[in-house]
Structures are given as C-alpha cells and as structure tokens.
Enquirer: 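Sharing a structure below in structure tokens format, with a few things to ask.
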Amino acid sequence: ILAVALCLGLFVGCSSKDANAPKEEVLEIKVGHGTAETTALHQGWLKFKELVEQKSDGKMTVKIFPNQQLGGDRELIEAVQLGNVTMTSPSTAPLAAFDPAFFVLDIPFLFSDRDMVYEVLDSQVGESLLDTLKEYNIKGLGYWENGFRNFTNSKLPVRSPQELSGIKVRTMENEIHMKAWSLLGANPTPMAFGELYTALQQKTVDAQENPFELIYATKFHEVQKYITKTQHIYSAYIPLMNNEFFNNLSSEYQQIIMDSIKEATAEQRQIAGKNDVEFEEKMRSTNEVIDLSGDEKQAFRNEMAPVLDLVKTKAGEDMVSAFTEAT
Ligand code: EAX
C-alpha cells in the first residue's frame with residue numbers, strides 16, 4: 001500500500017507540477033562571424049551575449065560561432081537574410097554587394113579620425129544608411145569597429161602608388177575597392193577573407209589591406225614583411241539581424257536587443273582602439289612599418305579620388321552628399 005501510495009503521490013505530484021508549469025520557451029539567437037576569438041569583434045559579441053542573457057533572465061540565449069565556422073561575410077549575410085543564422089557582423093564592403101548604399105563608406109579617406117567616424121555613424125546620417133537594409137530583410141543595429149585599413153605586402157617597403165605597379169593585391173569582394181587599387185596601379189584580386197592567409201603564404205597574392213588588429217590577429221604579419229600605414233579607408237562592422245526575427249520579438253525583447261547592442265558597441269570600440277595601438281606596436285618589432293608623410297598620403301588620395309564618381313552612381317548622389325557634408 002505504501003509503495004502504491006508513494007508511486008501515486010509521485011505520479012500525481014509530478015504530473016500536476018508539469019501541467020501547471022508555464023510553458024517557457026528559450027529563444028536562441030545564433031550568431032556567426034568571420035574573425036578570430038582574439039579580436040574586438042568577438043569580444044563585442046561576448047558582451048552582447050552576457051547582456052542579452054542577463055536582461056532577459058536567460059529567456060534569450062546567444063550562441064556565437066566565430067572564425068567563419070558558419071561561413072565568410074558573404075555567406076553569413078545570405079544566411080541572415082534567409083533566417084538560417086540570426087545575426088552576423090560583416091564589414092560594410094561585402095555588404096555593399098547586397099545593398100549598394102553601403103558603397104558610400106568605400107570613399108577613400110572619407111573620415112580623418114575616429115572621433116569623426118563615431119560622430120557621423122552614430123548620427124541620423126548613419127541611421128539612414130542602416131535603414132536601407134530593411135528592404136533586404138535585414139535589420140542593421142549599429143556600427144562596430146574594424147578600423148582604419150593599412151596596406152601590407154611581401155615584396156618592398158611601399159611609400160608611393162608608383163611602387164604598386166604589378167603588385168597583386170587581395171581586395172574585399174567590392175567593386176569600389178577593386179577600382180581604387182587599379183587606379184593606384186596595382187593588380188586587384190577579390191577574395192574571401194578566409195582564403196587570404198593561405199593565398200599570402202603561397203604567394204598567390206603579394207599584398208592585402210586590413211586594420212592593424214586583423215593583420216595581427218589573423219597572423220598576416222607572419223607572411224607580409226612590409227606594412228604601409230596608409231589608413232586609406234575606415235572599415236565598420238554592421239551587427240545585423242534577420243528583420244523578420246526582430247519584428248516577431250515582443251517590444252520588451254526588441255528593447256533588450258537594442259540596449260545590449262548599444263552597450264556592447266561602447267565596449268567593442270574601446271577594445272578595437274586599444275588593440276589597434278597595441279598590435280601596431282608589436283608588429284613594429286617584427287615587421288617593417290612604413291609611416292607616410294602628409295604629402296605621401298596625399299599621393300594615394302589623389303590617385304584614388306576618381307572612384308568618387310563610381311560611388312555616386314552606385315550609392316546615389318543623396319547618400320554621398322549626406323556623408324561628404326557630414327565629414
Ligand atoms: O571580417 O575581408 C576583410 O578584409 C575584412 O576586414 C573582413 O570583413 C573582416
């Protein structure tokens with residue numbers, strides 16, 4: 001009798017508990033990105049995860065797949081559009097192949113320093129650019145930092161565009177970048193980021209360009225002796241989300257996402273800025289870093305200037321003047 005009573009008690013206890021328990025579904029946010037775990041980009045996502053999980057009391061969880069585990073920038077943008085991945089953070093350059101308005105950020109030497117970058121990107125001008133993504137089922141949530149890009153190569157200490165003649169440079173998969181490097185006299189080869197280390201190592205290409213942080217974190221400095229501090233373009237990352245996923249969230253959860261991105265942005269930028277300085281310093285002892293004078297920089301600027309017309313035809317005159325007037 002005791003045994004039966006115990007069983008029954010347990011059974012009733014368990015089943016009634018189950019029946020009364022509110023059905024709590026945990027919402028999983030799947031994030032894929034393209035860089036190493038040592039980057040500020042990854043740290044930004046870790047901060048985002050911590051904040052979302054804390055603010056939602058664990059009712060939203062964030063799972064992060066770094067290092068192109070789920071694909072490179074182009075594949076990840078497509079996956080987010082389709083909803084197979086919830087969020088990603090490409091550089092704006094590959095994003096322009098989906099939404100040509102983003103070519104505006106490929107105008108060489110558009111920003112002179114970080115303060116100007118933040119002021120413009122965080123203003124209505126930056127907001128209006130993010131808004132263009134909705135049409136592609138993407139919600140742009142803000143601007144994170146990749147950084148000012150520098151030119152590296154394995155052949156010679158480049159100080160002028162003349163020295164680029166015949167140099168095979170990997171560019172991002174972006175027409176404006178390809179055009180700009182052609183104008184400089186180099187031989188541009190578009191390639192996904194994930195293939196770049198091997199291509200540099202095997203000398204399929206001689207050169208590439210990226211911010212100090214990514215050069216170091218991806219170990220390009222091991223296979224590229226010379227680093228010219230050109231700072232020719234500022235690369236932003238766009239944290240983005242499948243738009244339908246965002247729209248289907250309750251307003252409370254939407255707010256959690258927006259607030260968490262905002263807080264993570266401050267941290268991500270701060271780490272990116274710190275890494276930029278520290279990694280440059282490290283590479284000064286292992287590589288040859290070439291500082292350019294104002295005039296030398298101007299020579300790069302002059303050669304690249306004609307891309308502006310191409311940017312206007314792609315991104316639209318209005319978008320271009322909104323940015324050039326603000327910078
Ligand atoms: O995710 O492809 C590149 O060179 C970029 O800097 C890349 O988007 C980083």
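We count ligands from 1, going down the list as the structure has it; atoms in each ligand are counted the same way. Bear in mind the structure is a predicted one, so any value in this text is a computation, not a measurement.
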Enquirer: Please determine whether a side-chain nitrogen of the Lys or Arg among K168 and D206 lies less than 4.0 Å from a carboxylate oxygen of the Asp or Glu.
Expert: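 Salt bridge between K168 and D206, a charged N being under 4.0 Å from a carboxylate O: no.
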Enquirer: Please list, in number order, the atoms of ligand 1 under 4.0 Å from a heavy atom of F193.
Expert: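 Reading through ligand 1 atom by atom, the close ones are 2 (O), 3 (C), 4 (O).
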Enquirer: Does an N or O from E209, backbone or side chain, lie closer than 3.5 Å to an N or O of ligand 1?
Expert: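 No.
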Enquirer: Going by the atom numbers of ligand 1, which of them fall below 4.0 Å from some non-hydrogen atom of L214?
Expert: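 Close to L214: 6 (O), 9 (C).
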Enquirer: Look at ligand 1 and say whether H33 reaches it with a heavy atom at a distance under 4.0 Å.
Expert: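 So H33 does not count as touching ligand 1.
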Enquirer: What is the closest protein heavy atom to atom 1 (O) of ligand 1, and at what distance does it sit?
Expert: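 Protein heavy atom at minimum distance: D73 OD2, 3.4 Å.
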Enquirer: Between N210 and ligand 1, does any nitrogen or oxygen pair lie at a separation below 3.5 Å?
Expert: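 N210 vs ligand 1: N/O contact under 3.5 Å present.
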Enquirer: One thing to verify: whether D106 and K179 come together as a salt bridge, which I'm taking to mean a side-chain N less than 4.0 angstrom from a carboxylate O.
Expert: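 No, K179 and D106 are not salt-bridged.
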Enquirer: For K155, does the NZ atom have more than 12 heavy-atom neighbours from other residues, nucleotides or ligands under 6.0 Å away?
Expert: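 No, the 6.0 Å shell around NZ holds no more than 12 heavy atoms from other groups.
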Enquirer: Taking K47 first and then E263, would you say they form a salt bridge - that is, a charged N and a carboxylate O separated by under 4.0 Å?
Expert: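 No, K47 and E263 are not salt-bridged.
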Enquirer: If we set the cut-off at 4.0 Å for heavy atoms, which region of N146 has an atom near ligand 1: side chain, backbone, both, or neither?
Expert: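 Side chain only.
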Enquirer: Look at ligand 1 and say whether G34 reaches it with a heavy atom at a distance under 4.0 Å.
Expert: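 It does not, in that no heavy atom of G34 comes within the 4.0 Å cut-off of ligand 1.
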Enquirer: Out of all atoms in ligand 1, which are within 4.0 Å of some heavy atom of M172? Include the element for each.
Expert: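 Within the 4.0 Å cut-off of M172, ligand 1 contributes 2 (O), 3 (C), 4 (O), 5 (C).
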Enquirer: Taking 4.0 angstrom as the limit, do D122 and R269 come out as a salt bridge?
Expert: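 Looking at D122 and R269, the cut-off is met.
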Enquirer: Select one of side chain, backbone, both or neither to describe which atoms of Q208 lie under 4.0 Å from any atom of ligand 1, heavy atoms only.
Expert: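 For Q208, no heavy atom sits under 4.0 Å from ligand 1.
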Enquirer: Does R170 reach ligand 1, in the sense of a heavy atom lying below 4.0 Å from it?
Expert: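 Heavy atoms of R170 do come under 4.0 Å of ligand 1.
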Enquirer: Can you confirm whether or not the ring centre of F220 sits under 6.0 Å from the ring centre of F212?
Expert: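 No - the distance between ring centres of F220 and F212 does not fall below the 6.0 Å cut-off.
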Enquirer: Can a side-chain donor-acceptor contact be found between N146 and S91 if the only test is distance below 3.5 angstrom?
Expert: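 Short answer, yes.
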Enquirer: Quick one: do R170 and T189 satisfy side chain to side chain donor-acceptor pair (under 3.5 Å)? Show the steps, please.
Expert: CA-CA 5 Å; R170 174 271 178 176; T189 309; over 6 Å; no
Enquirer: When only distance counts, is T35 in polar contact with ligand 1, meaning an N/O pair under 3.5 Å?
Expert: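 No; the residue has no nitrogen or oxygen that sits under 3.5 Å from a nitrogen or oxygen of the ligand.
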